[in-house]
2 protein chains.
Amino acid sequence: MFFEGAEKKLEVIVETNSLNLMEVERSFWEEMVSACNASILSEIKNDQAHAYLLSESSLFVWEDRFLMITCGQTNLIESARLFIEKYGRDQIASLIFQRKNEYQSQLQPSSFVEDAKRLQNWVGGIPLRFGKIHSHFNLIFHTDKPYTPTDDDNTTELLMYDICPKCSELLTRPDLTKEEIREFFDLEKLLPGFEIDDFVFKPYGYSLNALKGSDYYTIHVTPQLYAPYVSFETNYKMGVERQKILNHLISVFRPGSFDVVGFNEVDTFEFDEKYLMAVRSHEKNVQGYDIDFRYYYRENKNGDAPTLVSFADEEL
Amino acid sequence: MFFEGAEKKLEVIVETNSLNLMEVERSFWEEMVSACNASILSEIKNDQAHAYLLSESSLFVWEDRFLMITCGQTNLIESARLFIEKYGRDQIASLIFQRKNEYQSQLQPSSFVEDAKRLQNWVGGIPLRFGKIHSHFNLIFHTDKPYTPTDDDNTTELLMYDICPKCSELLTRPDLTKEEIREFFDLEKLLPGFEIDDFVFKPYGYSLNALKGSDYYTIHVTPQLYAPYVSFETNYKMGVERQKILNHLISVFRPGSFDVVGFNEVDTFEFDEKYLMAVRSHEKNVQGYDIDFRYYYRENKNGDAPTLVSFADEEL
């Protein structure tokens, strides 16, 4: 059975003089999550942020913003519509909507261009493509308003493809527990002090939300061999730790290829292994953010045998 | 306006004791081309092969086989159906159907899995994927019959993506002539003695068929900046010339990335520029052929600015 791991992402920042999103009722977030055909599984919260684990990825809510990440066949643009209809475009200080190269875009309920056309009608803005259309890319629709992010407003995404077959094997084991998965990640020593909420899906899949004050990280794993994909995202100001944390994840999952997307996180960094940067796209001041997209490949001279295509590969 | 340059490909070899495809009436080929929503524009022929230039790519016919390559939104599987219905599966010694990573698979009339399911019902066979599903790949459905290709039965495909902006600029010039395009390719000195049939499409696009005895080469150019793509294919036994010819084409189009697919053509070769092989897939005895897929990237450390997405990009 095919599952689209590649996520869509929506981040909306509101005008804080008139709206505090932490005070919005839970029933509204339930409605918003349901609008894209997902549901809330569990939540953790502290006085600075709420983190909802969804049937398809995650929703984080702070006073001034929310971040929603959804995978599978979810229709995230419908959640955007609901929020904009309820609060109005004047309440929106910044809206950024992202989609990336999907494994099977023909199975999605809409295309990025369709989504971007709707967003442009609702809030105005600009659709950009970072990366190459024939391979890995990140499509970013952003409002085009004067906006200055705070100094600590940065995001790093690490999107890993083609994780090592042993990882797929381990992560598709039927009786796998959360504890075993977290032990396999071995990440908590590098990102200590976070409260964690995680879920093992049946038959496959794993999601994790982590909160510490206003900092989050989130991991979503689609381990199936047909289209294996693991995403990691954080707003943690990693600084010198950034290289260490990304390298750790790459050494755990040993992906054949990965993308790094930085929002106001564009330091150069080196990877432990023989990964080559095939493509880089970079732009300053995209709705106030310096956005950096990099696509890496591990050179593979020996090659592999082809894969037998299963007729179930496109079934949902 | 978007045009899908990425081709589908069908090669059928027949049992020659009972069928000579060179004697099949032109009206049948017209019908077969029309079945996938293409049409014949012109033709060249000699005593060993006929070459038809199509509104979407090419059809070549020899005594024992035909090769059909179609791009855009054509439904090549319908041409396969027509041929199989007319001549029956027992007349087919070998059938190979290929599709590759498309720029916009959601705009195609069918998916590879749908096509392969139908082929499996009609003639039996095996669907394989060469390359990685998250990036460049070649999907190959092949019959699984005892078949031994002759010694001179070999094919090389060179699929070039992201050709240099100056090439796009030149090849989208409104008043461009065939002669200027062939001069730009500067290929005839390397492949001398071929009879050539070519066509400049409006507003954009160029196709070329070339014949010399039973040898062919064919070039199809989709120069539009949004999704530039150039394919070259030949059965010419290039031998030591292979490296020279492929390198020449790469030096002309300067693609950001290219794939090389070989059928019984798996020599190693070196490219002039800093192209790195990101992925290789290789299998022996696929319906008698040794198939080799390689995906190359030019490393790009400096990066580019993102591309503004036009809302017309998905329109046909």
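This one's a predicted model, so the numbers in the text were calculated from it and none came from an experiment.
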To the nearest 0.5 Å, atom CD1 of B:Ile133 lies from atom CZ of A:Phe2 at 6.5 Å
Honestly, the part of A:Tyr295 sitting under 4.5 Å from a heavy atom of chain B is side chain
Applying a strict 4.5 Å limit to non-hydrogen atoms, the region of B:Phe137 in contact with chain A is neither
Greatest number of non-hydrogen atom pairs under 4.5 angstrom with chain A, of B:Ala116, B:Pro228, B:Gly131, falls to B:Ala116
Applying a strict 4.5 Å limit to non-hydrogen atoms, the region of A:Asn101 in contact with chain B is side chain
If one checks every heavy atom of B:Ile291 against chain A at 4.5 Å, the contacting part turns out to be neither
Applying side-chain hydrogen bond (donor to acceptor under 3.5 Å, both in side chains), run through B:Tyr161 and A:Ser135 and close with a yes or a no.
CA-CA 10 Å; B:Tyr161 302 81; A:Ser135 182; over 6 Å; no
Distance col, row A:Ser105:OG vs B:Gln106:CD, nearest 0.5 angstrom, shows 4.5 Å
For residues A:Pro306 and B:Arg129, determine if any side-chain heavy atom of one lies less than 4.5 Å from a side-chain heavy atom of the other.
no
Okay, A:Ile126 and chain B: the region with an atom under 4.5 Å from a heavy atom over there is side chain
Counting heavy-atom pairs under 4.5 angstrom with chain A, the leader among B:Val279, B:Asp162, B:Leu139 is B:Asp162
Interface check, chain B: of A:Ala278, A:Ala305, A:Gly303, A:Ser281, most non-hydrogen pairs under 4.5 Å belong to A:Ala278
One option among A:Lys132, A:Gln108, A:Glu102 has the most heavy-atom pairs under 4.5 Å with chain B, and it is A:Lys132
Any side-chain heavy atom of A:Leu128 sitting closer than 4.5 Å to one from B:Thr307?
-> no
Check: In terms of the angle between their ring planes, are A:Tyr103 and B:His134 parallel, tilted or perpendicular, with boundaries placed at 30° and 60°?
Finding: perpendicular
